[in-house]
S.K.: 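The structure follows.
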2 protein chains.
Amino acid sequence: MNEAPMVLVIEDEPQIRHFLHSTLAGGGYRVLEAATAAAGLEYAARQPDLVLLDLGLPDGDGLMLTRRLREWSQVPIVVVSARGQEQDKVAALDAGADDYLTKPFGVQELLARIRVALRHAARVGGAVEEPVFTTGALRVDFAHRQVFVADREVHLTPNEYKLLSVLVHKAGKVLTHRQLLKEVWGLAYANENHYLRVYMGQLRHKLEADPARPAHLLTEPGVGYRFKPE
Amino acid sequence: MNEAPMVLVIEDEPQIRHFLHSTLAGGGYRVLEAATAAAGLEYAARQPDLVLLDLGLPDGDGLMLTRRLREWSQVPIVVVSARGQEQDKVAALDAGADDYLTKPFGVQELLARIRVALRHAARVGGAVEEPVFTTGALRVDFAHRQVFVADREVHLTPNEYKLLSVLVHKAGKVLTHRQLLKEVWGLAYANENHYLRVYMGQLRHKLEADPARPAHLLTEPGVGYRFKPE
DNA sequence: CCGGGGCATAAAAATAACCTCAAGACCGCA
DNA sequence: TGCGGTCTTGAGGTTATTTTTATGCCCCGG
C-alpha cells in the first residue's frame, strides 16, 4: 500500500457518518461514504482496504450485506452497532465480520481495531511470489540478490549485478550502450562506453562457460548488448 | 489443521482458568493452561493455534508477554481483561493482540471471536514460525531470547540480539544497510552505516568460529549483509 | 600493407567501503 | 553518587570495488 488506506464507511445517520469520516481522516485514512446497504455494496467494488459498517441500516440488513460481501471479497469488515446483545455479535462475527464494536465506543479504540484489521489484511496480501529468473545453467534470484551458475553461487559486485539485472529484465531485447550506462551508472556516464566493455567482460568471465564465446551476454556491434535466454 | 485447534490459556486465577478450560473444551478445542507469564511464554513454544491471555497477571505484564510473543510468533492473541479503559485496549492491540474482551463477557461471544481469530490464521496458512532456529553450531531460541554456540550460551546485548534476529528471520536474503538500520535502530538512523560495522563485528566475534572469515554473517560489499544458513 | 575504429582483456591506480580497536558518553540501578 | 554494562564515536589499517591506463585483436577501407 503506497497510499493511505481507504476505508468505506456504511452508515445511514448523517451525523454519525460525518463523525466517522472526520475521525478516520484524522487518522490518516482516505474515506468513502455510503448511506445505504445497496450503496455500500456498490462502493465495495472499488476495493477499499477496510469496511466500517453500521449494523442498524434501514434498507436491508447489515448482516446480509456482510454475507454478500464475503461471497467475493475478503476485505476486513469492522462492525459498529448500537445493539450490544451477545447474539447480535455472534451472528455478525460468524457472518464474516472481523470485529464488532458496541456504541458508544472510544475513537482511539476504533482506530486501534482498524489498525489490527489492516495488519491482518497486509499479511495475507503480502504473500507474493519471489521473482527468480532461470535460463540454462544461469539462475538469478532477485529477492535474495543471488546469482548461481550450475547451482554454484557467484559473487557479483554492485555494478556487475545492476548491469546483469538490467539485461535480464529486458531479456532478448537489444539495449544500447547509452541505455545501459544510464541505468547502471546514471545520466552523467552516458558516454563512458568503455565501462561497459570492462564490466561485460567481468560478467562473461563469471557467468559464461566460455567467456570468449558468450552464449547469453551478446555483443551487438555498433549498437549495444543483449541478453539472450536459452 | 487435522486435529482440534489447541488454545493456550494464560490466566492466574484458578477459578477463571478452569472456567475457560471447560468452555473451550466444550467448544471442541484442546486446551493448554499456564498460570504465569513466564509459563505462558514457555508453553507458547509448543505452537498453540491461539493464545487466550488475561492481562492482569501477577508476574510481569501481559503487555510485555504480548510483545515478546510477537517477536517470533504470529499466533493469534485474544486478550481478556477486567480493565476496560480505552488506553488499555489500545496498548494491547498495538502491542500485537488481535482482539480484546472486557470482563464480564459472554461465552458465546468469546467463542465467536476465537473463531474469527482462527479464521484469520487459517488464511495466512502454513506461515508458522519455529520458536528456535538452528544451523550448524548456532542456535537461536526466540522464545527465550537466548543464543547458543555449540551448546554454550552466548550473551548478546539488546542491539546485537535485534540485529541477529532480523538477519536470521530473513536468512539467505541480502538485507541492505538501510533496511537493517531501520529495523534495529529506527528510521532516524537509516544512514548510520558505521553502527552496522561495529555491531556486525561484535556478532562475528561472539558467534563465528573465525570472526575474520565468517561462515554465516556475510558482508555484501556496497549493499548490506546477509545471514547464510548451513 | 598500413591505419583507425570498435571491441576485448589485463592490470595498475584511485577511490570507496569495510574492519578493528578503544576511549568516552550514556543509562539504569544499587 | 558510583558502578557495570551498553551505546556511540573516531582513527588507523585493510580489503573490495571502481576507474583509468595500456595492450592486442579483428575487420574494413584507403
Side-chain angles (χ1 to χ4, degrees), chain A residues 145 147 153-167 174-178 180-226, chain B residues 64 145 147 153-167 174-186 188-227:
Chain A
R145 199 196 176 276
V147 177
E153 182 173 358
V154 172
H155 174 81
L156 298 186
T157 71
N159 281 354
E160 288 166 4
Y161 182 81
K162 265 197 258 178
L163 179 55
L164 179 65
S165 293
V166 175
L167 286 164
V174 178
L175 296 165
T176 64
H177 300 128
R178 201 172 186 71
L180 289 168
L181 286 161
K182 259 173 27 185
E183 291 274 351
V184 178
W185 279 268
L187 206 56
Y189 295 71
N191 296 311
E192 302 282 350
N193 283 10
H194 187 55
Y195 282 20
L196 284 179
R197 297 200 193 100
V198 171
Y199 276 81
M200 286 302 292
Q202 285 168 0
L203 278 181
R204 282 168 177 160
H205 199 72
K206 289 182 176 182
L207 305 179
E208 295 277 7
D210 180 356
R213 222 177 303 272
H216 300 296
L217 298 163
L218 307 185
T219 301
E220 295 287 340
V223 184
Y225 293 89
R226 177 164 67 96
Chain B
M64 193 50 75
R145 265 194 202 233
V147 177
E153 182 172 0
V154 173
H155 172 78
L156 297 187
T157 71
N159 281 353
E160 288 166 4
Y161 179 82
K162 263 199 253 179
L163 179 55
L164 180 64
S165 293
V166 175
L167 286 164
V174 175
L175 298 168
T176 64
H177 301 125
R178 194 169 238 330
Q179 280 178 301
L180 289 167
L181 286 162
K182 256 169 39 182
E183 292 273 351
V184 178
W185 279 270
Y189 294 71
N191 295 313
E192 301 283 347
N193 285 9
H194 190 54
Y195 283 20
L196 283 180
R197 300 205 188 97
V198 172
Y199 276 80
M200 286 300 293
Q202 286 168 1
L203 279 180
R204 280 170 179 158
H205 193 72
K206 290 182 177 182
L207 305 179
E208 294 276 6
D210 180 355
R213 217 177 294 270
H216 301 295
L217 298 164
L218 306 185
T219 301
E220 295 285 340
V223 184
Y225 293 89
R226 179 161 69 94
F227 184 93

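Residue numbers begin at 1 in each chain, while the letters A, B, ... track the order of the sequences. Values in this document were obtained by computation on a predicted structure and should not be read as measured data.
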S.K.: Is there a side-chain contact between A:Y225 and the phosphate of C:dA8, meaning an N or O under 4.0 Å from OP1 or OP2?
M.R.: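 A:Y225 to C:dA8 OP1/OP2: side-chain N or O found under 4.0 Å.
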
S.K.: From CD of B:E208 over to C1' of C:dT20, roughly how many Å is that when rounded to an integer?
M.R.: 16 Å

S.K.: Rounded to whole Å, please give me the gap between CD in B:E220 and C1' in D:dA16.
M.R.: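 Atom CD in B:E220 sits about 12 Å away from atom C1' in D:dA16.
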
S.K.: State whether B:T219 places a side-chain N or O below 4.0 Å from either non-bridging phosphate oxygen (OP1 or OP2) of D:dA16.
M.R.: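 It does not, given that no N or O in the side chain of B:T219 lies less than 4.0 Å from OP1 or OP2 of D:dA16.
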
S.K.: Mapping A:Y189 and B:Y199 onto DNA chain D by nearest heavy atom, which one lands closer to the 5' end?
M.R.: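 Its nucleotide being nearer the 5' end, the pick is B:Y199.
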
S.K.: Tell me the interatomic distance from B:N191, atom CG, to C:dC18, atom P, rounded to whole angstroms.
M.R.: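 The distance from CG of B:N191 to P of C:dC18 comes to 13 Å, rounded to the nearest Å.
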
S.K.: Going by atom types only, do A:R145 and B:T176 share a side-chain donor-acceptor pair under 3.5 Å?
M.R.: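 No - no donor-acceptor pair under 3.5 Å links their side chains.
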
S.K.: On DNA chain D, nearest-nucleotide positions of B:P221 versus B:T157: which is more 5'?
M.R.: B:T157

S.K.: If you measure from CG on B:L163 to CG on B:L181, what distance do you get to the nearest 0.5 Å?
M.R.: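 Nearest 0.5 Å value for the CG-CG distance: 8.5 Å.
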
S.K.: I need the CD-P distance between B:E160 and D:dT8, as an integer number of Å.
M.R.: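 Taking CD of B:E160 and P of D:dT8, I get 12 Å after rounding.
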
S.K.: Are any of the side-chain heavy atoms of B:L217 and B:Y225 separated by less than 4.5 Å?
M.R.: no

S.K.: Rounded to the nearest 0.5 Å, what separates atom NE2 in B:H194 from atom NE2 in B:H177?
M.R.: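 Going from NE2 on B:H194 over to NE2 on B:H177, the span is 12.5 Å.
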
S.K.: Using distance alone, with no hydrogens and no angle criterion, decide if A:N193 and A:R178 have a side-chain donor and acceptor under 3.5 Å apart.
M.R.: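 Judged by distance alone, the side chains do not pair up.
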
S.K.: Contact class for A:Y161 (heavy atom, under 4.0 Å): base, sugar-phosphate, or nothing?
M.R.: nothing

S.K.: Listing time: all N or O pairs from protein to nucleotides 21-23 of chain D that are below 3.5 Å?
M.R.:
residue: D:dT21; atom: O4; partner: A:H194; partner atom: NE2; Å: 2.8

S.K.: Counting only side-chain nitrogens and oxygens, does A:H177 get under 4.0 Å of the OP1 or OP2 atom of C:dG6?
M.R.: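 No, outside the criterion.
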
S.K.: Is the phosphate of D:dT8 approached by B:W185 (side-chain N or O, under 4.0 Å from OP1 or OP2)?
M.R.: yes

S.K.: Between B:V223 and B:H205, who's closer to the 5' end of DNA chain C by nearest nucleotide?
M.R.: B:V223

S.K.: Counting any heavy atom closer than 4.0 Å, what does B:N159 reach on the DNA or RNA strands: base, sugar-phosphate only, or nothing?
M.R.: sugar-phosphate

S.K.: Strictly distance-based, threshold 3.5 Å: is any side-chain N or O of A:E208 a donor or acceptor partner for the main-chain N or O of A:R213?
M.R.: no

S.K.: Figure out the CZ/P separation between A:R213 and D:dC26, and round it to whole Å.
M.R.: 12 Å

S.K.: Mind calculating the distance between CZ (B:R197) and P (D:dA16) to the nearest angstrom?
M.R.: 14 Å

S.K.: Could you check how far OH of A:Y195 sits from P of C:dA14, rounded to whole Å?
M.R.: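 Interatomic distance, OH of A:Y195 to P of C:dA14: 14 Å.
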
S.K.: Using every non-hydrogen atom in the two residues, find where B:V154 and B:K206 come nearest and quote the distance to one decimal.
M.R.: CG1-CB, 3.8 Å

S.K.: Quickly work out the B:N193 CG to D:dA16 P distance and round it to whole Å.
M.R.: 18 Å

